[in-house]
Asks: 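My questions all concern the structure below.
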Amino acid sequence: MFQSNKEYIDFLIQSGVHTFLKETPNNLLETQELKEKSLIKKDIKELGEINEIKELISLISNHQSTLQKTAKKLVLYDGDLQSNLMIIGEAPGQEEDEQGIPFVGRAGQLLNKMLSAIKLERKNVYITNVLPWRPPQNRTPTDQEILDFLPFLQKQIEIIKPKIIYLLGTTATKAILSTPLSLGKLRGKWYEYKSVNLDAPINVLVSYHPAFLLRSPNYKKDAWSDLQMLEKKINEN
Ligand code: URA
């Protein structure tokens with residue numbers, strides 16, 4: 001029997017042992033970069049544990065997606081985290097991808113005008129999109145992409161807890177109201193968004209996407225009447 005570890009080690013050395021085998025082999029392919037990445041991953045919370053937007057940003061940045069490979073910047077939100085109004089668009093375009101901010105291109109400028117027509121400033125609204133990465137060539141998001149990123153959008157709703165959600169365009173409407181019906185059929189009425197993670201349902205209104213209004217100005221009249229419905233509801237709250 002050995003009195004101490006040192007005695008035992010001395011005995012081993014004198015017996016000619018100069019190497020110890022680990023229980024797991026060394027991964028010679030693991031680079032420093034990979035090691036750092038897996039260490040960073042351990043600090044990222046799972047979706048269910050998240051209750052802050054900045055934690056959600058880390059999670060989305062590390063979520064494997066083919067869109068991320070072609071996009072330049074993550075575009076999650078702009079505006080006020082305390083806002084009672086959440087506006088949801090489709091996906092970042094080229095300018096949004098470059099700046100990392102939603103609705104900063106031509107559609108965004110129209111959105112700013114639409115908001116100011118009902119005395120709102122974008123800095124007082126929470127603005128986001130269904131997808132946080134730009135689809136290549138600004139193509140329409142696929143149903144699979146919408147489903148893939150939906151939990152992150154739902155999480156934003158649960159964190160921000162807005163009183164009203166304003167959906168811009170078909171993609172946002174499909175994602176939140178889960179319906180294939182056209183905007184023409186859905187607009188003009190209030191809906192409710194419910195979740196087990198929310199204490200109360202959220203009022204939802206649907207309208208045309210500003211990029212569509214730029215291409216089809218005839219629909220601006222309807223969009224204006226949707227904005228007035230929105231304004232009325234904001235004033236009731
Ligand atoms: N279109 C969108 O749906 N979102 C943006 O951020 C920009 C254009």
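Because the structure is a prediction, the values reported are computed rather than measured. Ligands are counted one by one from 1 in listed order, and the atoms in each one are counted from 1 as well.
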Asks: Would you mind listing every side-chain hydrogen bond (donor to acceptor under 3.5 Å, both in side chains) that reaches into residues 71-84, with sequence neighbours excluded?
Replies: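 Every pair satisfying side-chain hydrogen bond (donor to acceptor under 3.5 Å, both in side chains) with a residue in residues 71-84: K72-E98, D78-R122.
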
Asks: Please determine whether residues I87 and F152 belong to a single hydrophobic cluster, defined as Ile, Leu, Val, Met, Phe, Trp and Tyr linked transitively by side-chain heavy-atom distances below 4.5 Å.
Replies: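 Yes; tracing contacts between hydrophobic side chains, which count when under 4.5 Å, links both residues.
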
Asks: Can you list, pair by pair, the side-chain donor-acceptor contacts under 3.5 Å of residues 207-217, counting residues two or more places apart and other chains?
Replies:
unit_1 : atom_1 : unit_2 : atom_2 : d
S207   : OG     : D226   : OD2    : 2.6
H209   : ND1    : A211   : N      : 2.9

Asks: Can you pull the residues with any heavy atom under 4.0 Å from ligand 1?
Replies: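 Residues within 4.0 Å of ligand 1: G89, E90, A91, E96, P102, F103, N129, H209.
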
Asks: Considering only residues two or more places apart or on different chains, which pairs with a residue in residues 178-207 satisfy ring-ring contact (aromatic ring centres under 6.0 Å, His included)?
Replies: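 Listed once each, the pairs would be none.
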
Asks: Spell out, yes or no, whether I127 and V104 are grouped together once hydrophobic residues are joined by side-chain heavy atoms under 4.5 Å, including indirect joins.
Replies: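 No; V104 is not reachable from I127 via cluster members.
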
Asks: I'd like to know if the side chain of E90 reaches the main chain of A172, judged simply by a donor and an acceptor atom lying under 3.5 Å from each other, with no hydrogens or angles considered.
Replies: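 No; judged by distance alone, with no hydrogens or angles, the pair does not exist.
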
